[in-house]
Amino acid sequence: ADLRMSWWGGDSRHLATQEALKVCGEKHGHTVAPEFTGFSGHLEKLTTQLAGGTEADIMQVNWPWLPLFSINGDGLADLNALSGTLDLSNWTPEQLGAATMNGKLNGLPVSTTGRVFMFNKATYDKAGVPLPKTYDDLVTAAKAFKEKLGEDYYPIDITTLNAVLIVSNYITQKTGKDLIDPATNTVAWSEDEITEGLNFYQMLVDNGVMRSWKVATGSGISNLWENPAWSEGRIAGSYEWDSTYFKYSDTLGEGQELVPVNILSVEGGQTEGVYRKPSMVFAISQNSENQEAAAQVLNCLLNEPEGIAALGATRGLPASKAASAQLTEAGTIDPILVDANNIVMASTGPNVSPFNEHPEVRSVFTDTLELFAYGEISAEDAADEMILGINEVLEKY
Amino acid sequence: MTTVSETMTTQDAARAVQAKLARRRRISASIRYAILAGVGLIMLYPLIWLIGASFKTNSEIFSSPSFIPKDPTLDGYIEGWKTSTPYTFARFFWNTFLIIFPKVLFTAISATMVAYGFARFEFPGKKILFASLIATLLLPNVVTRIPQYLLFRDIGWLDSFLPLWVPSALAGDAFFVFMLVQFLRAVPRDMEEAARVDGANSLQTLVFIVVPLLKPAIISVCLFQFMWTMNDFLGPLIYISSVEKYPVSLALKLSIDTTEAFDWNKILAMSVLAITPALAVFFMAQKYFIEGISSGGVKG
Amino acid sequence: MGLAYVMPYLVGLLIFTAFPFLYSFYLSFTDYSLMSEPTWVGAKNYEKLFTRDRTFDKSLKVTLIYVFTTVPLKLVFALFIAVILNYRLKMIGFFRTAYYVPSILGGSIAIAVLWRYIFADTGLVNMFVTALGFEAINWFGDKANALFTITLLRMWQFGSAMVIFLAALQSIDRSLYEASAIDGANAWHQFRFITLPLITPVIFFNMIMQTVQAFQEFNGPYIITQGGPLKSTYLLPLYIYEKAFKNFDMGYASAIAWVLFAIIMVLTLVAFWSSKKWVYYAGDKRS
Amino acid sequence: MAGLTIRNVEKTYGNGFKAVHGINLDIEDGEFMVFVGPSGCAKSTTLRMIAGLETITGGEVRIGDTIVNDLAPGKRGIAMVFQNYALYPHMKVKNNLGFGLRLKRRPKPEIAEATQAVSGILEIGELLERLPKELSGGQAQRVAVGRALIKSPDVFLFDEPLSNLDAKLRASMRVRITDLHKRLRAEGRPATVIYVTHDQVEAMTMGDRICVMKDGHIMQVADPVTLYEKPANAFVAGFIGMPEMNLVESILDASSGGANLSIGAQTLDGGTSLGSRLSDQPSAVTVGIRPQHLAQVPLGTPNALEGDVRVIEFMGHEVNLHVEIEGHPFIAVIDAEKYDRSIQRGDRVALSVLIERLHVFDRASGLNISLGGA
Amino acid sequence: MAGLTIRNVEKTYGNGFKAVHGINLDIEDGEFMVFVGPSGCAKSTTLRMIAGLETITGGEVRIGDTIVNDLAPGKRGIAMVFQNYALYPHMKVKNNLGFGLRLKRRPKPEIAEATQAVSGILEIGELLERLPKELSGGQAQRVAVGRALIKSPDVFLFDEPLSNLDAKLRASMRVRITDLHKRLRAEGRPATVIYVTHDQVEAMTMGDRICVMKDGHIMQVADPVTLYEKPANAFVAGFIGMPEMNLVESILDASSGGANLSIGAQTLDGGTSLGSRLSDQPSAVTVGIRPQHLAQVPLGTPNALEGDVRVIEFMGHEVNLHVEIEGHPFIAVIDAEKYDRSIQRGDRVALSVLIERLHVFDRASGLNISLGGA
Ligand SMILES: Nc1ncnc2c1ncn2[C@@H]1O[C@H](COP(=O)(O)OP(=O)(O)OP(=O)(O)O)[C@@H](O)[C@H]1O
Ligand SMILES: Nc1ncnc2c1ncn2[C@@H]1O[C@H](COP(=O)(O)OP(=O)(O)OP(=O)(O)O)[C@@H](O)[C@H]1O
Ligand SMILES: [Mg+2]
Ligand SMILES: [Mg+2]
């Protein structure tokens, strides 16, 4: 059959995917027309296509988009129905669960990713402090940095999205709960818990652990890795997706070394609170006339040696067991990435609800946190507002 | 004797005044150039940066604010030109041309015609029609995007260039129509009247009289349409899905995935290339703004 | 006769424009998540918009501030440069092109990067500011300043307004400058009393268009500040976009868009009405 | 067949100003009709209505047998010379000239030939490659005339086509235009001409008939001699003739059978011939005497008017004597050869009147009451 | 002190056309100088150079004692009326008039007053609230004149300011302008005027002196009487006077002491007075006779020229008789009262010549050789 597949990405992903499609197409006797773009605008494009029913047969879908496209599970094809063709055994139930909407498997996780701490060892060495293991270590490190290296040295950078995730991580460690209670589909944290998390954030700022929100925004450079302060080691750490390790290490100056470490712990934490999720899924169009064929190609891409080899690690460490094994064996993947990923995989934490990344939920969280960070509202009010706001969004589902 | 010397001194004085005037002119000219050049630099700053950066290596781009690359490389251009698709950038330029050419051409024609109709004729419903023209300008197009997409889907024009230029060819860009209407209303009717008496029908009047008189404005229309089409990213993104039909604007963002590391110098190098036609076209067209057809026509 | 000339527009209107336009109006009365059919909800979207939506209020305020600072500044600047570039100077072609460059760069990604560089805490602008002995300004981080960087970006891209002004300056009868020179007008007088009144049709055009564009400003804040900090650059189009393509609430987005439409429409009508007083059309019919 | 019929034509401008008040006029096929009248009397407006450039707000205009009120200008078979030239600024002179023919899709060589011919007539051969802005005022005006001539239409409309030319050129152009008109008539394809001018010589020498207008009304339409010798009213009398006719308020006393016209303290005896024509007329009249019908006579001559010289204008072959008689300004035109050069400003002189050429107008209506049945 | 000195002034236009060839002229403070010349002879160009609107490509212009070549127009103390009016299209008539004063920051009431005064003089009082496009041609021209008058400058530059007016209005405007000029002179604040016209009457009656131009050269500068009676060359002779002087090629034979001028087969005897002035002159000459100096005499009268009547133009008080003599066209102007109305086209007539007023020009140089020492 004649199929189409759409995705976004960079050059290496484009090349690899085109190659893989050729290979898998030939293998199963299909032709697959590639449709790819950069990331910007891809959501609009995909949305428009879905609204018009003209989407490609196979789509790369960002995990947080799932509830948008298919809150009832019927916006995309239910892959359970194609389990004859798709070898679902390559994924853990947890992984499949993350891609299941309303009981329907809407996509196959391509890779699993999560946040890890990464620190610039060179700077820490210069300051004579070990790499942190707990959040308290950060405060200690900050003191040492200011004394030994200068006022503009920071042990870590926590702003905007990172701030949201760190606050989340802190509260999750404290409570052992994800932001959203899957049972009731409401905010799981209490007002006090959130207040505590916010105060914790403020404490970090006050101790010079990271730049304040305002200063960070004012730096004008939204991407940390583009920031000279990062490449020169003045900002000596961050909390990032494991898969983005190289993005951050590439721009480091000579002699610097970026080391991924275990999740920093909070005193009395109930869990490590890892933020782990499928990075993206491959989905099949509900409107596709050749779902079977699409499933063949999809299976080839994710589970069959030809496809796996061709795709390589251009979408991170594969979630599919077969792929992961094949690539590890072939040594295609840089060991440090494996290390980072291992940290993510090994850490504990409650399941992360996709609603964490629901745009409205995210905005409420971020906006409120920003208000708090700018000192516009108190921690209590912020906590209150967050709960109200997020619950209001969730109510719709 | 005294009178002679008097006239001498008055003449000298006159010369002195002359010299002073000339000096003042020179000074004011140099001031003008200085300001022009100074402000011009601010205008050019990004372009210079862009060009400089396109010759830098990837890691140098953000680490050094200097314009001049430490060790210049053509890699950005060579790699960028190849692209991650089966096609080179030449293909994307060609696609852009296929869109721009009919679009600019027909926009100029249709916008001029429609503007002429609005500015020079009375007909029933003119007010309402003109109001609708203005109205289409006012609605944020975010919300018409989906319905428009559905429309073109039903016409069967998806993944073709047609949605990108046909509406413009039917005077769909109210901006241009409105602009030409304003220009036309500022042009006296005398010449058109003469042409009418000379036996020109209204179309001939349009072609032979109005168009030449509106030349600067029409050239602006073409320029804008050119630039904007060149830069338009969202339109092609939504309507074109086959890579082989991508125009430059889309191809430029093809490799940018913010969640991944990507090669800035390639992208910048191709940006430079993408800007070049626009720069060239503008440079060539701007001379029509030097001396239009001094509209008064006759002097004594 | 006239109808024949506007035919292309009429056809285009009926085929391409009318449907999306009206459909979006219909959508503003629906709940439409894009993935399912729209469901009619009456005026609910509007009701929410006017009574319970604080983001809208805030965003509208920011938008109005933005529009009423950017448009006049940009117009004055564009006209000023156009007048200068209308002289016959050496290398004028080069200068004109140079001044148009920012507009050619348009939405190019380099612009976003660059603009953030220029206004960064240690950027070019702050280098000046500190050189002048002032304290460095937090451009993006301070909610009082962020919007201004967007305004400046748009002013800096004054090219298209300038080109339109340039084209208009061309059409002024030279003999009027001669007559006024003899009347004793200096350069300023000529500008004020001849140039300005005679290009009022185009000033009017630019004014309307710049206002409309400012109301629809999206790219600037989107690529540079993402609406922040504290939503101080969160213009309405950003909000509409977010509602439409991030929250998939197309019905609500349409409602906001139509409210915005109504606001611009009212302003435009006022402008058209006032134009009778100050715009001079040499080509309008004698009778 | 391109006579013109103008029936009750009116024009009210957008600002409410009524420029033309229901005029009626018949112009025959091939006739040369001259429009004259004071500035602002609606000559151009009338012409523009005939051309179709101005909407006719009342009445109808017919060219030949067709009502043209709603016909496009280009379809009326007319050519027009505009008062402000209205040359196409972006076209060279030759293209300005050839434009009309080009529209008619005449072959190129024919256009070139016609352009040559017309530019010969108008002496603008050297200017063909210039743009309008490179022309002098007179040159531009000639190009405008050329643009009309080249089209050989049924009806020519000329709006002050020679006003910017010097006397010599003007005289020669005048002759050329009349010649052309006559030649066309002789060749059996007569062209109707409407010619607006403020030049008396043009009006008198060119027109088959002259239409005198005032404030949007037609005052008189007649051939030049009639107009000059038998003006229908004081306005026409004053308007035609150079220098203008001396018009002075007077009291008529025709009771004696003669006609005594008192001008201030002085009285003119009109004799019985005039008297017979003026019986039964009101006594409040205006007397009209052409400057050429005044002659300088020795002081004390009977039936002569006496007054003080105010201005003496030397005109070459004749002298204009401005004389104040009983507080009224009079002009007398005196042959330079017969003129007494010793006369000075302030001197008192006597002027005799050519009684047979004297006109008497009803002061109320302005109508000429001295024409009688003659 | 606003006399004008023009020294070797030249003008070459951008397209390479040399319009003015090094002219020299002195105009005194308060003088009324008229420029005349054929269309395209560079009158406007010269005026525009004086005004500062056209760069002077050679020589210098001084106003008073200042070389103004590089002075801005507004600083020269001049006012100008443009041939194409150049009214500000977007300003009402009153603002067009008041604009110059407004720029000088005169108080509003003063401007209003001056506007009233000027519009009174020019009879445009009712038009003050109109826009230029709502004016007739003549009205627009008057507004243009008003714009100059209102400024009371040192130097007035008028470019054919009355060309679009009818005879009557023109005559009255003419008088008003000269009056104004005289009044200013009388009041001790004389204004220098340069006045371009193609109207002979204006030229002869208004100017203190007349400057006759041709193809960018000055042909003669003199007061009107001198210009008319003693033209320096054939061009001036032909240009001044209406209808123009009859100029005909002739062979001079002054050997007998007298002056025999042969015109074709006929010969004119100039008598000894002329003969004495013409001895030693070349024999190839041009004879100039003003039409007014020809009189109709019975056929056979001695020393009269005979020819055939070609055209008879009735001009009201006089008749233009176009007569072909020996193949040359002659015009004779004959008093209408003395004119024999029986004469028909084609008749043969005899014309006597007023020998004292006859001019003889060297055919090669064009110079008048009959002026002698007188
Ligand atoms: N567009 C207009 N709006 C209002 N009034 C106008 C308009 N055009 C002309 N008029 C008026 O109509 C009258 C007639 O104008 P028109 O141009 O016909 O005069 P004209 O006889 O040609 O005069 P002239 O000899 O000065 O050219 C004038 O009083 C003029 O002011
Ligand atoms: N811009 C120009 N470029 C080239 N030649 C020009 C230009 N303006 C005028 N001329 C030429 O210069 C000569 C003088 O022009 P000018 O306008 O001074 O004549 P003029 O004496 O005013 O004539 P008129 O009585 O017809 O107005 C003319 O032959 C004209 O064609
Ligand atoms: Mg007129
Ligand atoms: Mg001239």
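Here is how names work: the chains are called A, B, and so on, in the same order as the sequence lines, proteins then strands, and each is numbered from 1. These numbers come from the heavy atoms of this one structure, side chains and all, not from hydrogens, waters or symmetry mates.
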Do the side chains of [Y] and [X] get nearer than 4.5 Å, heavy atoms only?
X        : Y        : result
B/Leu133 : C/Val6   : no
C/Trp156 : B/Tyr45  : no
C/Phe16  : B/Ile155 : yes

| message | Considering only residues two or more places apart or on different chains, which pairs with a residue in residues 143-154 of chain B satisfy side-chain hydrogen bond (donor to acceptor under 3.5 Å, both in side chains)? | response |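 Sorted result for residues 143-154 of chain B: A/Thr54-B/Tyr149.
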Go through the atoms of [X] and report whether side chain, backbone, both or neither lie under 4.5 Å from a heavy atom of chain B.
X        : value
C/Ser254 : both
C/Thr268 : side chain
C/Leu3   : both
C/Ile208 : side chain

| query | Which residues from residues 218-226 of chain B are near chain C, with near meaning under 4.5 Å between non-hydrogen atoms? | reply |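 Within residues 218-226 of chain B, near chain C: B/Ser220, B/Phe224.
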| said: So for B/Leu206, is it side chain, backbone, both, or neither that comes closer than 4.5 Å to the heavy atoms of chain C? | reply: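 For B/Leu206, the side chain is the part near chain C, not the backbone.
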| query | What pairs with C/Ser33 under side-chain contact (heavy atoms from CB on, under 4.5 Å), at least two apart in sequence or on another chain? | reply |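 Once residues adjacent in sequence are excluded, the partners of C/Ser33 under the side-chain contact (heavy atoms from CB on, under 4.5 Å) criterion are C/Met35, C/Ser36.
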| task | May I ask you to check whether over 12 heavy atoms, not counting those of B/Phe123, lie within 6.0 Å of atom CZ? | result |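 It does: B/Phe123 CZ has more than 12 such atoms within range.
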| Sequence neighbours excluded, which residues qualify as ring pair (Phe, Tyr, Trp, His ring centres under 6.0 Å) partners of C/Phe158? |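 Partners of C/Phe158 by the ring pair (Phe, Tyr, Trp, His ring centres under 6.0 Å) criterion, ordered by chain and then number, come out as C/Phe77.
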